[in-house]
Amino acid sequence: MLIEQIYTGCLAQGAYYIESNGEAAIIDPLREVQPYIEKAERRNAKIKYVFETHFHADFVSGHKDLSAKTGAPIVFGPTSMKMGFDAIVATDGQEFPIGKAKIRVIHTPGHTMESTCYLLINEEGKEEALFTGDTLFIGDVGRPDLAQKVVKDLTQDKLAGHLYDSLRNKIMPLADDIIVYPAHGAGSACGKNMSKETSDTLGNQKKTNYALQDMTKEQFIKEVTTGLTPPPSYFPQNVMMNIQGYDSIDEVLHRGINPLSPAAFEAAANETGAVVLDTRDAQTFAKGFIPNSINIGIDGSFAVWVGALIPDLKQEILVVAEEGREEEVITRLARVGYDYCIGYLKGGFAAWKADGREVDHIESVSAEQLAEIIEEKGKVNILDVRKNSEYLSEHVLDAENAPLDYINDSMTKVDKNMTYYVHCAGGYRSMVFASILKARGYDNLIDVKGGFTALKSSGLFPVSEYVCPTTLL
């Protein structure tokens, strides 16, 4: 018997490979399905089922492609939603054999109405593991406000009420030694305060998870809905892709892995209106980049920030990447539904610069340099582009919060004629913010290297008293 969690940090997402006696099941696969197929082949196992815990909002699942490539049927829990592909709509309590083990469907509406947990009963007949999707996280539960964006007559309070019943009637009666394997961990926007741990015993969650404590339904609804912020705009679009279907990942990669010379790249940018997305490290980008390009570094929460900041999934994208990482970028864009990459700059930014083409840059200063500037000039404008919850927890006094999450609102706080020093937590998001505003004609934004971490550790800036956050959204 094998249970393997396949965790993807940039999405804070857990997919699962379960195998018994030469048969395997995959739960909540990522868009790129070949690794699952190769794993099964190496182990001489046949993928028998593809289980989906719900219609995901934060990423495009690989269920459709994995089923097409392996012949394994897709299984959803109870739902009346009409899907654009063949699938088994299971009933509550239905069991599916995997070798000598079996998986039992436990319908747990609340995060969404079709949300379903899968209980693994091992080869000895013992209930061993519960794959909870977005119903139960480690330290949290799924936010109940997402499905209302897809189904009109639902409200977050109605969904929270369903979630209360699902947790208490379906999950909490299960044995304490069952291992909980959720679909997400800390960093996902599908819950408001998840643990960094990615599995735990159900018994420990009963003791420590706030949502599983003794309370009335009304108290529960208030607890789980307090601290929610509007979800990223791409979430409903991802849901519809997961319901209706999508282009094969092979087609997406074929379209996007299109090397372009500097001349062809510039022509494509001018002729199509594509977004030029530079995925290099923030400080590397700052020293030189293609004018009007935006920086979202691949070595960070890349897909999440692309989804938050590029509102149209059908937006054409041209990629600037480190050489050798172009396919990785295109794949990670596809994970959140951005299927219209139309090419990348062959040879990367170095080729653009060597061709003698126009180059732009963004000024960066260290915490120490900023302190010297303040000493010389007096008060300056400091923008803190972290989430509002981070800012409220702790911030540099006199800094103004302008969250990157809501950049169109935040940019109204910026006067084009004034200079601003922009920081986030560590330097990733501030460069994203500065690059987007630079592309929109804001030329007086200066990045603070190392962000709030550097500002605080320097001891040169007064900081507000720390307040433990109740939400990480």
Exercise for the section: Starting at OG1 of Thr471, measure out to CG of Asp140 and round the result to the nearest 0.5 Å. Expected result: 8.5 Å
Exercise for the section: Flag the pair Arg357 and Glu266 as a salt bridge only when some basic side-chain nitrogen lies within less than 4.0 angstrom of an acidic carboxylate oxygen. Expected result: yes
Practice task
Before accepting this row, confirm whether a basic side-chain N of the pair Arg386/Asp384 lies closer than 4.0 Å to the acidic partner's carboxylate O.
Solution key: yes
Problem - Within 45° cone of Phe59 ring axis and under 6.0 Å: Arg31 NZ or CZ - result: no
Problem - Asp153 backbone acceptor or donor facing Lys158 side chain under 3.5 Å - result: yes
Practice task
Starting from the C-alpha separation in whole Å, work towards a yes-or-no answer on salt bridge (Lys or Arg N to Asp or Glu O under 4.0 Å) for Lys456 and Glu394.
Solution key: CA-CA 10 Å; Lys456 182 181 177 182; Glu394 194 175 24; 2.7 Å; yes
Handout entry: Flag, side chain of Gln237 to backbone of Pro311, donor-acceptor distance under 3.5 Å
Key = yes
Exercise for the section: Decide if atom NZ of Lys287 counts as having more than 12 heavy atoms of other residues, nucleotides or ligands within a radius under 6.0 Å. Expected result: no
Handout entry: Pair Glu4 + Lys39: basic N to acidic O under 4.0 Å
Key = yes
Exercise for the section: Look at the side chain of Tyr340 and the backbone N and O of Ala274, then say whether any donor-acceptor pair between them is shorter than 3.5 Å. Expected result: no
Exercise for the section: For Glu197, look at atom CD and say whether over 12 heavy atoms of other residues, nucleotides or ligands are found less than 6.0 Å away. Expected result: no
Exercise for the section: Flag the pair Val319 / Leu333 as yes when at least one side-chain heavy-atom distance between them is below 4.5 Å, and no otherwise. Expected result: yes
Problem - Under-4.0 Å salt bridge between Asp443 and Lys438 - result: yes
Exercise for the section: Identify the two heavy atoms, one from Arg325 and one from Asp299, that lie closest to each other, and give their separation to 0.1 Å. Expected result: NH2-OD1, 2.8 Å
Exercise for the section: Look only at the side chain of Tyr181 and the backbone of Thr198, and say whether a donor-acceptor pair between them is shorter than 3.5 Å. Expected result: no
Handout entry: Those residues that, when tested against Asp415, pass salt bridge (Lys or Arg N to Asp or Glu O under 4.0 Å) (two or more places apart)
Key = none
Problem - Gln244 side chain to Val239 backbone, donor-acceptor under 3.5 Å - result: no
Problem - Under 3.5 Å donor-acceptor, Arg143 side chain and Lys192 backbone - result: no
Let me check something: any side-chain donor-acceptor pairs from residues 246-258 under 3.5 Å, sequence neighbours excluded? List them with distances.
from: Tyr246; atom 1: OH; to: Ser61; atom 2: O; distance (Å): 2.6
from: Tyr246; atom 1: OH; to: Lys64; atom 2: N; distance (Å): 3.1
from: Asp247; atom 1: OD2; to: Arg255; atom 2: NH2; distance (Å): 3.4
from: Ser248; atom 1: OG; to: Asp250; atom 2: N; distance (Å): 3.1
from: Asp250; atom 1: OD2; to: Lys69; atom 2: NZ; distance (Å): 2.8
from: Arg255; atom 1: NE; to: Asp339; atom 2: O; distance (Å): 3.1
from: Arg255; atom 1: NH2; to: Asp339; atom 2: O; distance (Å): 2.9
from: Asn258; atom 1: ND2; to: Ile342; atom 2: O; distance (Å): 3.0

Problem - Distance under 6.0 Å and angle within 45° of ring axis: Lys416 vs Tyr442 - result: yes
Exercise for the section: For Asn295 and Ser435, test the side chains for any donor-to-acceptor distance below 3.5 angstrom and give the result as yes or no. Expected result: no
Exercise for the section: Ignoring hydrogens and angles, tell me if any N or O in the side chain of Tyr406 forms a donor-acceptor pair with the backbone of Pro230 under 3.5 Å. Expected result: yes
Exercise for the section: Give me the ring orientation class for His56 and His184: parallel if the planes are under 30° apart, tilted from 30 to 60°, perpendicular past 60°. Expected result: perpendicular
Handout entry: Between CD1 on residue Ile298 and CG on residue Asp278, distance to nearest 0.5 Å
Key = 11.5 Å
Exercise for the section: Mind telling me whether Phe51 and Tyr118 have parallel, tilted or perpendicular rings, with 30° and 60° as the class edges? Expected result: tilted
Please tabulate, for side-chain N and O atoms in residues 131-138, each donor-acceptor pair with protein atoms closer than 3.5 Å (sequence neighbours left out).
from: Thr132; atom 1: OG1; to: Leu136; atom 2: O; distance (Å): 2.6
from: Asp134; atom 1: OD2; to: His54; atom 2: NE2; distance (Å): 3.3
from: Asp134; atom 1: OD2; to: His111; atom 2: NE2; distance (Å): 3.3
from: Thr135; atom 1: OG1; to: Thr108; atom 2: OG1; distance (Å): 3.1

Problem - NZ/NE/NH1/NH2 to OD/OE distance under 4.0 Å, Lys449 and Glu368 - result: no
Practice task
Check whether any side-chain N or O of Gln13 sits under 3.5 Å from a backbone N or O of Pro29 as a donor-acceptor pair, and report yes or no.
Solution key: no
Problem - Salt-bridge contact Arg335-Asp58 (side-chain N to carboxylate O under 4.0 Å) - result: no
Handout entry: Salt bridge present between Lys387 and Glu390 (N-O < 4.0 angstrom)
Key = no
Exercise for the section: Report yes or no: does Ser393 contribute a side-chain atom to a donor-acceptor pair with the main-chain N or O of Ser389 at less than 3.5 Å? Expected result: no
Practice task
May I ask you to decide if His423's main-chain N or O and Ser430's side chain share a donor-acceptor pair within less than 3.5 Å?
Solution key: no
